[in-house]
Amino acid sequence: MTNSNFYQKVYDVVSQIPEGNVTTYGTIAKYLSSPQSSRMVGWALNKSPEDVPAHRVVNRIGMLSGKIHFSGINLMQQLLENEGIIVENNQIIDFENLFWDPKKELN
DNA sequence: CTGTTGACTGTCG
DNA sequence: GCGACAGCCAACA
């Protein structure tokens with residue numbers, strides 16, 4: 001990481017999320033610098049390239065808060081279910097078990 | 001340049 | 001347990 005590009009780091013971390021796992025905006029923000037920048041993560045993902053699996057990133061309660069930004073309303077849920085993640089009522093089931101911590105995995 | 005908004009989170013009542 | 005308020009920073013009108 002030559003330059004501390006917040007956006008680039010977000011893309012980098014999100015891209016490394018294993019299939020079938022999810023994380024939260026706050027966790028990524030905290031891993032990068034400050035938890036307050038969680039909104040910036042969302043903003044970054046708004047402009048995120050298709051290479052970034054933004055559908056694996058949800059809010060702290062495991063709810064698909066960003067699904068409305070996807071082309072289809074259930075596209076995000078479909079993608080998650082396709083990876084083996086159970087989603088119901090826009091909320092990830094067994095979220096804590098599927099949670100992926102970059103600070104723990106990437107160290 | 002000023003003001004509002006946003007894929008969030010934590011704290012307070 | 002739930003609703004409301006504040007903080008943070010960047011993009012957009």
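Naming: A, B, ... by sequence-line order, numbering from 1 per chain. Side-chain atoms are counted along with the backbone in the values below, which use heavy atoms only and exclude waters and symmetry mates. Fair warning: this is a prediction, and the values are worked out from it, not measured in the lab.
Spacing between atom CG of L45(A) and atom C1' of dA10(C) amounts to 14 Å, rounded to whole angstrom units. Between Y7(A) atom OH and dA10(C) atom P there is a gap of 8 Å when expressed in whole angstrom units. Atom CE of M40(A) and atom P of dA11(C) are 8 Å apart (whole Å). Whole-Å rounding puts the N46(A) CG to dT5(B) C1' distance at 12 Å. Spacing between atom CZ of F6(A) and atom P of dA7(B) amounts to 15 Å, rounded to whole angstrom units. I68(A) has its CD1 atom 9 Å from the P atom of dG6(B), to the nearest Å. One atom, OH of Y31(A), and another, C1' of dT9(B), lie 20 Å apart when rounded to the nearest Å. For the pair K67(A) NZ and dG6(B) P, the computed distance is 17 Å after rounding to whole Å.
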Please lay out, stage by stage, how T23(A) and V13(A) fare under the test side chain to side chain contact (heavy atoms under 4.5 Å, CB included).
CA-CA 10 Å; T23(A) 190; V13(A) 173; 5.8 Å; no

Test log, rule side chain to side chain contact (heavy atoms under 4.5 Å, CB included), inputs L64(A) and I92(A)
CA-CA 8 Å; L64(A) 308 187; I92(A) 296 178; 4.0 Å; yes

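In this structure dC1(B) sits in no base pair that meets the Watson-Crick or G-U test at under 3.5 Å.
Regarding contacts with the backbone of dC8(B), a side-chain N or O of S65(A) is found under 4.0 angstrom from either OP1 or OP2. Contact annotation: R60(A) side-chain N/O to dG10(B) OP1/OP2 distance is under 4.0 Å.
Note on A44(A): nothing from the nucleic acid sits closer than 4.0 angstrom, heavy atoms only.
A donor and an acceptor atom sit less than 3.5 Å apart, one in the side chain of R39(A) and one in the base of dC8(C).
With dT9(B), dA7(B), dA10(C) as the choices, the nucleotide that has an atom nearest any side-chain atom of W43(A) turns out to be dA10(C).
In terms of heavy atoms, N90(A) sits closest to Q77(A) at OD1-OE1, 4.1 Å.
Side-chain contact check for D12(A) and Q16(A): at least one donor-acceptor pair (N or O, by modelled atom type) lies under 3.5 Å.
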